[in-house]
Structure formats: structure tokens, C-alpha cells
Amino acid sequence: MFSFIQSVVITVLLAFLLRFFVLQPFIVEGSSMEPNFHDQQYIIIDKLSYRMREPHRGEVIVFHPPVAITQNYIKRIIGLPGETVLVKEGEVFVNGKKVDEPYLGNENHHTLPISTQSPVTLGDDEYFVMGDNRTHSSDSREFGALKKANIEGRTWFIAFPFRDFEFIHKPNYNLSLAPFATKISLALKDLTN
């Protein structure tokens, strides 16, 4: 009997640790991430990756928005710490370069600014996030920069419905937008002059 109780306690403890520190289920609510994520899809988020590395542009994350800290939102990372993001004439620019966004559907490819039309420069631990369904998304265009501490984790895979099962991959962007790369190229220009 003691052995059985010990096994149950260990199993429950491992399940608790796994659920709160490694993987977490999440149900998508609403249409802000269509056409890539749909209402009532059951996804699994990876909570461990960002303890070992920084979030990357294009990754879809679950987080607590600064305007509703008890809620969970799902959005895509567009701007990284130190970068400047601008929404202008239906397009998104990071550090002055247009971002190619192949994951957007044709019907929602036109991005409008919501509360500001000014550039947003991100701090050391801030991210600019946006929904894939730009006309139906409450995101950084509305509530501003997102602190890294508010991020729960990155989406790992869609688990249910089974017909939608797939692992989530971040898109490959064709141009380097990192401010660090810009600083290096400027420093190299100074050295050659």
C-alpha cells in the first residue's frame, strides 16, 4: 500500500512540475490569430525555452497583456528589444525596414495603426506583438510594448482538433532587422573610413 501511495504522489508531483514549469495547455479564444490559429483550438505551449534563450521574431507566444494581467492572449512577436516599430500605410516596419509577413492571409494583410501612428522604440526587455488577423486583434498597437516577464511561453504545437495537429515553426524573415547587426555594420563603416 505504501509503495502505491508513493507512486501516486511522485506521479502527481511530476505532473504538477511538468504542467507549471515545462508545458501548459491553452485554448485559443477568438479570431485574432486567424488564419493560422482558430477559435477553440487546443494548443500546447513550451514554458522552458525562454528560460534558456531569448524570444525570437515570428514566434507565437501566450502572455498576460499589460491591460488585463489575469487574462491570456496569443500573438506573434514582431519587434525585439531595442528595435523601433512603425505601422505606416498598411505595412509594418522594424528599424525602418518593411517586414515581409507571409503568414498573413490576403484579407487581413493591411495593417492599421490603432492608438498611435508614431514609431515605438522598445526597451531592453520589451517586445512588440501583433495578431495575425490585424483587423480583429488587440495587441501592441493598442496596449504598447510587452515586458518579457509577462510571457508565459511559446506555442509548440496544435493538439486538437486532431485534423489541425501540427508543430508550430517561426517564419524565416528575408532581412536582418536586429539592431545589433545594424550597430556592427555602422562600426565597420567607421573603421573603414
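Note that the structure is a prediction, hence the values are computed from the model and not measured.
Rounding to the nearest 0.5 angstrom, the gap separating the CD atom in E91 from the NZ atom in K98 is 4.0 Å. Distance check, rounded to the nearest 0.5 Å: CD1 of I74 to CD1 of I43 gives 3.5 Å. Between atom CD of residue Q41 and atom CD1 of residue I27 there is a gap of 11.0 Å, rounded to the nearest 0.5 Å. We find the CZ-CE distance between R76 and M33 to be 5.0 Å, quoted to the nearest 0.5 Å. Distance check: K75 NZ to F63 CZ gives 6.0 Å after rounding to the nearest 0.5 Å. A distance of 10.0 Å separates CZ of F26 from CZ of F37, quoted to the nearest 0.5 Å.
Residues H136 and S31 share a closest heavy-atom pair of CB-OG, 4.1 Å. Minimum interatomic distance between A159 and F165 (heavy atoms only, all atoms of both residues): CA-CD1, 4.1 Å. Nearest heavy atoms, L146 versus S140: N-OG, 4.5 Å. Nearest heavy-atom pair across K88 and F93 is O-CE1, 3.7 Å. I78 and R57 get closest at one heavy-atom pair: O-NH1, 2.6 Å. Looking at every heavy atom in both residues, K47 comes nearest to Q24 through NZ-OE1, 3.0 Å.
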Show your working on side chain to side chain contact (heavy atoms under 4.5 Å, CB included) between R134 and E101 and close with a plain yes or no.
-> CA-CA 12 Å; R134 299 290 162 79; E101 299 183 278; 2.6 Å; yes
Checking side chain to side chain contact (heavy atoms under 4.5 Å, CB included) for the pair I158/I168: CA distance, chi angles, key distance, verdict?
-> CA-CA 7 Å; I158 299 171; I168 308 304; 3.8 Å; yes
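The closest donor-acceptor contact from the side chain of N133 to the backbone of E34 lies at 3.5 Å or more, if one exists at all. Of the possible polar contacts, none joining the R141 side chain to the S138 backbone as a donor-acceptor pair under 3.5 Å is found. Panel note: side chain N36, backbone D132; no donor-acceptor pair is recorded below 3.5 Å. Of the possible polar contacts, none joining the H64 side chain to the N72 backbone as a donor-acceptor pair under 3.5 Å is found.
When the side chains of ILVMFWY residues are joined at heavy-atom separations under 4.5 Å, either directly or via intervening members, L122 and V94 end up in a single hydrophobic cluster. If you chain together hydrophobic residues whose side chains sit under 4.5 Å apart, V85 and L104 fall into the same group. If you chain together hydrophobic residues whose side chains sit under 4.5 Å apart, L86 and L80 never meet in one group.
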Only pairs under 3.5 Å count here: list side-chain donor-acceptor contacts from residues 123-130, not counting sequence neighbours, and write none if there are none.
unit_1 : atom_1 : unit_2 : atom_2 : d
E126   : OE1    : G123   : N      : 2.6
E126   : OE2    : K147   : NZ     : 3.4
Y127   : OH     : E54    : OE1    : 3.2

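Other residues, nucleotides and ligands place more than 12 heavy atoms under 6.0 Å from the CZ atom of F167.
Legend: residues meeting salt bridge (charged side-chain N to carboxylate O under 4.0 Å, His left out) with R163, ordered by chain and number and at least two apart, are absent.
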